[in-house]
Q: 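One structure, pasted below without further comment.
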Amino acid sequence: MNITAAQSEDDFNRARNKAFINEIQHLLSPEEASLISLNDVKQMIKPVNETYIGMKVIPIDKIVGSEGRYNDFDNRFFPKSSHLKNRWEHVDEAAIQSIDLPPIKVYEISGLYFVRDGNHRVSVAKARGTEFIDAEVVSLQSEIVLKRPDNMPDIIKQIINYEKRVFYSETGFGDITDYWCLDFSRPGRYDVIYNHILTHKYYMNQQQEGEVSMEDAILSWFNTVYMPLAYSITKKHMLASFPRRTIGDLYVWIVRYWDDLKRKFGNEFPMDTAVVDFKKKYKIPLPKRILNRIKCILLRKAIDNLGSESAETPPDPKSV
């Protein structure tokens, strides 16, 4: 093995170990150590069209995800598996020898970049501290502008904050209810709430002459639908059973669950009973969550080691 190959092997092993340590550090929150999937972001942001930008030099630190290889690298683009070793090391050797490689291909969306082709080149560049890289860019148009995130939960938080600003601004919800903490852990929930309010408004219109104003519908929904269920969620200590979720999250889930129960057992099915039943059915105890995560990491490590042994063991000539 020549000096360059030996250095590249050391570089890969360091990068691989960093990915493994990162995974262990995020044992209870694996999504924080995962590379961001372009398709997941597109589903949340829903870009309206795409435009070919062409060749340009882009900052490495704004490359935050991948179109298709997001399971192979962690959120810092360190390789998560030894099956990436050969290709990664070849790219690293080229970098050591200052050999020019073809530009990578990326999608740009909301000011961030996602790799279409060239994931190994990006991984090596990040591991070596490179600041810029040549790229062929296609832009996906969106009104949302995102700051550089550390992981997918950070992107989700930014999108939710954008949706909250739009919802509160367009409906006047905060001024009408004086309630500014209608929060969610997943995007798209404010549209759900808006539809709940519209449905509530429809039934109000059926019970009186004249059109109910949107302001009256919001206030009525808040006082007669949302707050009683929010109070029950708080009283039953639901948030302790569903970590990192909000009262708004539980409201959306329990309303859906309660509707199913009412279809089975009648419209008089008690709300508090639905809340308790939901908690019993969907709560996952903390020890079980930890055990499941440990099993996933150990299984991945075992598969990784098996792949390494297969790659290092020459085939039996009799079996070829």
Side-chain angles (χ1 to χ4, degrees), residues 29 31 40 43-46 144 152-207 212-286 289:
S29 52
E31 67 281 357
D40 288 347
Q43 288 177 11
M44 292 184 290
I45 293 181
K46 298 178 175 58
I144 303 177
M152 190 62 173
D154 195 2
I155 280 191
I156 290 173
K157 183 177 179 180
Q158 291 186 53
I159 294 174
I160 292 171
N161 288 340
Y162 171 83
E163 292 179 347
K164 182 176 182 178
R165 289 195 302 271
V166 172
F167 174 78
Y168 270 76
S169 174
E170 292 184 352
T171 65
F173 186 86
D175 293 325
I176 294 169
T177 63
D178 198 27
Y179 187 79
W180 301 91
C181 51
L182 181 61
D183 297 311
F184 299 97
S185 65
R186 301 294 301 177
R189 298 292 190 251
Y190 290 100
D191 286 342
V192 173
I193 295 298
Y194 187 71
N195 287 329
H196 282 199
I197 294 170
L198 289 180
T199 301
H200 186 75
K201 182 175 183 292
Y202 170 80
Y203 284 112
M204 289 178 67
N205 282 329
Q206 303 304 305
Q207 298 172 6
V212 175
S213 70
M214 194 63 183
E215 181 175 339
D216 288 342
I218 289 173
L219 194 59
S220 175
W221 171 85
F222 178 74
N223 288 327
T224 64
V225 180
Y226 178 80
M227 284 306 293
L229 185 50
Y231 176 76
S232 181
I233 289 168
T234 304
K235 183 180 177 182
K236 305 295 183 185
H237 306 290
M238 294 284 287
L239 292 178
S241 301
F242 297 89
R244 294 183 294 167
R245 303 305 181 184
T246 69
I247 291 176
D249 291 328
L250 292 171
Y251 163 83
V252 171
W253 295 335
I254 292 172
V255 163
R256 188 181 302 126
Y257 184 69
W258 189 19
D259 285 342
D260 289 340
L261 292 175
K262 286 189 287 187
R263 279 192 288 270
K264 291 179 182 178
F265 304 109
N267 288 331
E268 302 305 316
F269 193 92
M271 178 185 67
D272 284 348
T273 304
V275 172
V276 172
D277 196 56
F278 180 90
K279 181 178 180 179
K280 289 180 180 178
K281 186 171 183 179
Y282 292 106
K283 175 186 176 182
I284 302 177
L286 179 60
R289 294 203 306 271

Q: Evaluate Arg244 against Glu31 for salt bridge (charged side-chain N to carboxylate O under 4.0 Å, His left out), listing each step before the verdict.
A: CA-CA 13 Å; Arg244 294 183 294 167; Glu31 67 281 357; 2.6 Å; yes

Q: Taking the side chain as everything from C-beta on, heavy atoms only, tell me whether Ile144 gets closer than 4.5 Å to Met44.
A: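 With C-beta onward as the side chain, the pair stays apart.
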
Q: With no hydrogens and no angle check, do the side chains of Ser232 and Asp272 hold a donor and an acceptor under 3.5 Å apart?
A: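 The criterion, which ignores hydrogens and geometry beyond distance, is satisfied for Asp272 and Ser232.
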
Q: To the nearest 0.5 Å, what is the distance between CD on Gln158 and CD1 on Ile45?
A: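 Answer rounded to 0.5 Å: 9.0 Å.
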
Q: Testing the basics here: between Arg186 and Arg189, what is the closest heavy-atom pair and its distance to 0.1 Å?
A: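 What the structure gives for the nearest pair is O-CG, 3.3 Å.
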
Q: With sequence neighbours left out, write down each residue that passes ring-ring contact (aromatic ring centres under 6.0 Å, His included) with Trp180, or none if nothing qualifies.
A: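 ring-ring contact (aromatic ring centres under 6.0 Å, His included) check on Trp180 returns Tyr168.
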
Q: Which residue pairs satisfy the salt bridge (Lys or Arg N to Asp or Glu O under 4.0 Å) criterion with at least one member in residues 214-237, sequence neighbours excluded?
A: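 For residues 214-237: none.
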
Q: Return the set of residues passing ring-ring contact (aromatic ring centres under 6.0 Å, His included) with Phe269 (not counting sequence neighbours), or none when no residue passes.
A: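 Here the qualifying residues are Phe265.
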
Q: Is it the case that Tyr251 and His196 place a side-chain donor and acceptor less than 3.5 Å from each other?
A: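 His196 and Tyr251 do have a side-chain donor-acceptor pair below 3.5 Å.
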
Q: Is the ring pair Phe167/Tyr190 parallel, tilted or perpendicular, if the boundaries are 30 and 60 degrees?
A: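 Correct class here is tilted.
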
Q: When you check the gap from the basic side-chain N to the acidic O, do Lys164 and Asp183 get nearer than 4.0 Å?
A: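 Result for this pair is yes, salt bridge flagged.
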
Q: Any sub-3.5 Å donor-acceptor pair from Asp249's side-chain atoms to Phe184's backbone N or O?
A: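 It does not hold such a pair.
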
Q: Could you pull out all residues at least two apart from Asp191 that satisfy salt bridge (Lys or Arg N to Asp or Glu O under 4.0 Å)?
A: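 Asp191 satisfies salt bridge (Lys or Arg N to Asp or Glu O under 4.0 Å) with no other residue.
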
Q: Could you check whether Lys262 pairs with Asp259 (Lys NZ or Arg NE/NH1/NH2 to Asp/Glu carboxylate O, under 4.0 Å)?
A: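 Asp259 and Lys262: salt-bridged.
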
Q: Hey, does the side chain of Lys201 reach the backbone of Val212 with a donor-acceptor pair shorter than 3.5 angstrom?
A: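 Side chain of Lys201 to backbone of Val212: a pair is present.
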
Q: Is there side-chain contact between Thr224 and His200, with at least one heavy-atom pair below 4.5 Å?
A: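 Touching, per the 4.5 Å side-chain cut-off.
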
Q: Is there side-chain contact between Leu250 and Thr246, with heavy atoms separated by less than 4.5 Å?
A: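 Answer no - side chains too far apart.
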
Q: Using the ring of each side chain (for Trp, its six-membered ring), is Tyr226 parallel, tilted or perpendicular to Phe222, with breaks at 30° and 60°?
A: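 If you compare the ring of Tyr226 with that of Phe222, the planes turn out parallel.
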
Q: Which residues satisfy the side chain to side chain donor-acceptor pair (under 3.5 Å) test with Trp258, sequence neighbours excluded?
A: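 Testing Trp258 for side chain to side chain donor-acceptor pair (under 3.5 Å), a comparison that skips the adjacent residues, returns none.
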
Q: I'd like to know whether the aromatic ring centres of Phe278 and Phe242 sit less than 6.0 Å apart in this structure.
A: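 Judged by ring-centre distance (under 6.0 Å), Phe278 and Phe242 do meet the cut-off.
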
Q: Would you say Tyr179 has more than 12 foreign heavy atoms packed within less than 6.0 Å of its OH?
A: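 Atom OH in Tyr179 is crowded, with more than 12 foreign heavy atoms closer than 6.0 Å.
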
Q: Would you call Arg263-Asp260 a salt bridge at under 4.0 Å N-O?
A: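 Asp260 and Arg263: salt-bridged.
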
Q: Using the ring-ring contact (aromatic ring centres under 6.0 Å, His included) criterion, which residues pair with Tyr162? Sequence neighbours excluded.
A: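 Expected list: none.
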
